[in-house]
Undergrad: 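My questions all concern the structure below.
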Amino acid sequence: MALRIKDSVNLKELEKYGFEFDTSSGFYERKIDNKWYNIICVDKDREIFEMTEEIGYWDTTFSDEEWFDKKNIDDLIKADLVVKVVE
């Protein structure tokens, strides 16, 4: 199962939770532990995933709900912005 932002939520609302829109990637992004090489992303499909950068390459760390570190999006879950979606 994937975690996504609910369709009823305006993505600009993510800015209240420390996300910034990155025009180059098209994602809303938020640093994990205040580091830009480890970020939470929300893509155009509203899917939430973690990415890390190693040696200049970005890689999706987790997007599946089973493995996702929910502590990084706990504020979004508490605000009822997140839904589980079966793919």
Undergrad: Strictly by salt bridge (charged side-chain N to carboxylate O under 4.0 Å, His left out), give each pair with a member in residues 19-32 just once, sequence neighbours left out.
TA: R30-D75

Undergrad: Working note: Y17 + Y28, criterion ring pair (Phe, Tyr, Trp, His ring centres under 6.0 Å); need CA distance, chi angles, decisive distance, verdict.
TA: CA-CA 11 Å; Y17 300 91; Y28 275 90; over 10 Å; no

Undergrad: So, does D45 use its side chain to make a donor-acceptor pair with the main chain of E47 at under 3.5 Å?
TA: no

Undergrad: Quick one: are L14 and L76 in side-chain contact, heavy atoms under 4.5 Å?
TA: yes

Undergrad: Is any side-chain heavy atom of R4 closer than 4.5 Å to a side-chain heavy atom of I48?
TA: no

Undergrad: Under the rule for salt bridge (charged side-chain N to carboxylate O under 4.0 Å, His left out), what residues qualify as partners of K6, not counting sequence neighbours?
TA: D80

Undergrad: Shortest non-hydrogen contact from F21 to G26?
TA: CE1-O, 3.4 Å

Undergrad: Calculate, to the nearest 0.5 Å, the distance between atoms NZ and CG belonging to K44 and L11 respectively.
TA: 12.5 Å

Undergrad: Do the side chains of F19 and I40 get nearer than 4.5 Å, heavy atoms only?
TA: yes

Undergrad: Please lay out, stage by stage, how F49 and D43 fare under the test side-chain contact (heavy atoms from CB on, under 4.5 Å).
TA: CA-CA 8 Å; F49 54 96; D43 67 12; 3.9 Å; yes

Undergrad: Kindly write out the residues that satisfy salt bridge (charged side-chain N to carboxylate O under 4.0 Å, His left out) with K78, not counting sequence neighbours, or none if the list is empty.
TA: D74

Undergrad: Per the side-chain contact (heavy atoms from CB on, under 4.5 Å) rule, which among I39, I32, N38 passes with T52?
TA: N38

